[in-house]
Amino acid sequence: MGFWDAVLGRSKPARPDLDQLFALPSAAVTLEAGAGFTPTGLGSVCFASVEGGTFDRLQEEVRELLDADTERGGVPVEFSRDEYGYTWLLARQPQDDLAALVSDLHAVNTLLQDAGFGPQLLCSLVGFRDPGGRPLALVYLFKAGTFYPVCVLPGQQKRDNALELQVAAALKNDLRIEEDLSRWFPVWGAPGMAG
């Protein structure tokens with residue numbers, strides 16, 4: 001932080017720390033014990049697409065990397081575009097192998113960042129579900145380096161804010177939770193949310 005930033009009261013935003021994603025498996029244990037949510041085996045990465053051959057080649061590299069296990073029964077990744085024009089990559093792993101899913105998401109984020117497309121990365125999310133079928137996602141905000149929970153009520157574009165706050169409080173020792181609630185974006189219909 002520079003002199004003028006200190007004088008004017010500006011602070012540097014948190015830098016992305018992709019290794020924070022590796023805290024998700026231990027957070028999942030806390031989440032299951034505290035609220036009964038278990039991983040669905042689904043996770044996704046959201047990024048703003050860029051036109052051009054370099055980005056297209058990078059997207060194919062990501063597909064080849066994550067689809068390498070399809071001959072052994074793995075499920076191919078899926079790319080989709082949402083109504084706002086953002087691209088979502090959906091990865092699947094067995095429900096009991098959250099570490100493999102996190103490794104996939106970390107690899108995608110790292111490939112994009114190392115290729116100079118870090119500014120296009122928006123978020124990554126991992127899906128969970130409770131015994132009653134309620135979906136929950138833990139969302140990692142790339143630019144902030146923080147997580148927040150999103151619980152969308154089934155079949156509605158409505159959130160369970162009380163549950164989100166409960167989950168955030170339960171995970172504050174496991175994950176770097178986003179303190180600014182206005183940054184807890186709903187990510188309606190995000191791949192990986194429904195499970």
Side-chain angles (χ1 to χ4, degrees), residues 13-14 16-18 20-48 75 77-78 80-102 104-106 108-109 121-195:
D17 179 6
L18 290 175
Q20 291 293 316
L21 290 170
F22 291 118
L24 282 168
S26 66
V29 173
T30 303
L31 188 56
E32 184 173 5
F37 283 89
T38 56
T40 61
L42 300 176
S44 55
V45 176
C46 180
F47 52 92
V75 180
V77 297
E78 295 174 23
S80 62
R81 206 172 267 241
D82 66 19
E83 62 188 88
Y84 303 105
Y86 293 107
T87 299
W88 288 85
L89 174 143
L90 176 64
R92 291 181 172 90
Q93 289 290 345
Q95 294 176 343
D96 61 351
D97 198 355
L98 183 56
L101 180 62
V102 167
D104 287 351
L105 299 178
H106 186 275
V108 172
N109 280 284
L121 284 166
L122 299 175
C123 67
S124 294
L125 68 83
V126 174
F128 293 82
R129 198 172 272 295
D130 75 356
R134 286 185 301 180
L136 173 85
L138 293 179
V139 180
Y140 176 75
L141 288 171
F142 180 80
K143 290 174 179 59
T146 56
F147 290 88
Y148 67 93
V150 172
C151 181
V152 177
L153 297 171
Q156 303 177 44
Q157 279 203 347
K158 199 171 187 180
R159 295 166 63 183
D160 186 339
N161 298 110
L163 178 61
E164 291 174 356
L165 292 172
Q166 174 190 350
V167 167
L171 296 178
K172 69 180 180 191
N173 293 327
D174 295 294
L175 301 174
R176 190 183 303 158
I177 299 295
E178 175 58 52
E179 293 179 13
D180 182 357
L181 299 183
S182 69
R183 298 186 76 185
W184 289 24
F185 306 110
V187 293
W188 306 121
M193 275 289 294

query: What's the spacing between R159 CZ and W188 CH2 if we round to 0.5 Å?
result: 6.0 Å

message: Show the nearest heavy-atom pair for residues L98 and A28, with the distance to one decimal.
response: CD2-CB, 3.5 Å

Close side-chain approach of P39 to L101, heavy-atom, < 4.5 Å: no

- request: Please tell me if the side chains of Y140 and R176 come closer than 4.5 Å, counting only heavy atoms from C-beta onward.
  value: no

query: Quick check: does any side chain N or O of K143 sit under 3.5 Å from a backbone N or O of L121, one acting as donor and the other as acceptor?
result: yes

field: Closest non-hydrogen atom pair, G145 against Q20
entry: O-CG, 4.5 Å

- prompt: For the side chain of S44 and the backbone of G192, is there at least one donor-acceptor N/O pair under 3.5 Å apart?
  reply: no

query: Looking at CZ of F22 and NE2 of H106, how far apart are the two atoms once the value is rounded to the nearest 0.5 Å?
result: 4.0 Å

task: Output all residues satisfying side chain to side chain contact (heavy atoms under 4.5 Å, CB included) with T30, sequence neighbours left out; order by chain, then residue number.
output: L171, D174

query: For L105, which of L18, V45, L24, L125 qualifies under side-chain contact (heavy atoms from CB on, under 4.5 Å)?
result: V45

- request: List the atom of P191, the atom of L90, and the distance in Å for their closest heavy-atom pair.
  value: C-CD1, 3.9 Å

message: Under the rule for side chain to side chain contact (heavy atoms under 4.5 Å, CB included), what residues qualify as partners of P149, not counting sequence neighbours?
response: L136, L138, E164, V167, A168, W184

message: Could you measure the distance from the CD1 atom of I177 to the NZ atom of K172? Nearest 0.5 Å is fine.
response: 10.5 Å

- line: Scanning both residues in full, the closest heavy-atom pair of F37 with D130 reads CD2-N, 3.4 Å

query: If you round to the nearest 0.5 Å, how far is CG of L165 from SG of C151?
result: 11.5 Å

query: Rounded to the nearest 0.5 Å, what separation is found between the CG atom of L122 and the CH2 atom of W88?
result: 8.0 Å

- prompt: Hey, does T146 have a side-chain heavy atom less than 4.5 Å from the side chain of R183?
  reply: no

message: Show the nearest heavy-atom pair for residues P25 and V102, with the distance to one decimal.
response: CD-CG2, 4.1 Å

task: Can you see which heavy atom on T40 is nearest to which on F128, and at what distance?
output: CG2-C, 3.6 Å

- request: Measure the spacing between CD of Q93 and CG of D104 and express it to the nearest 0.5 Å.
  value: 4.5 Å

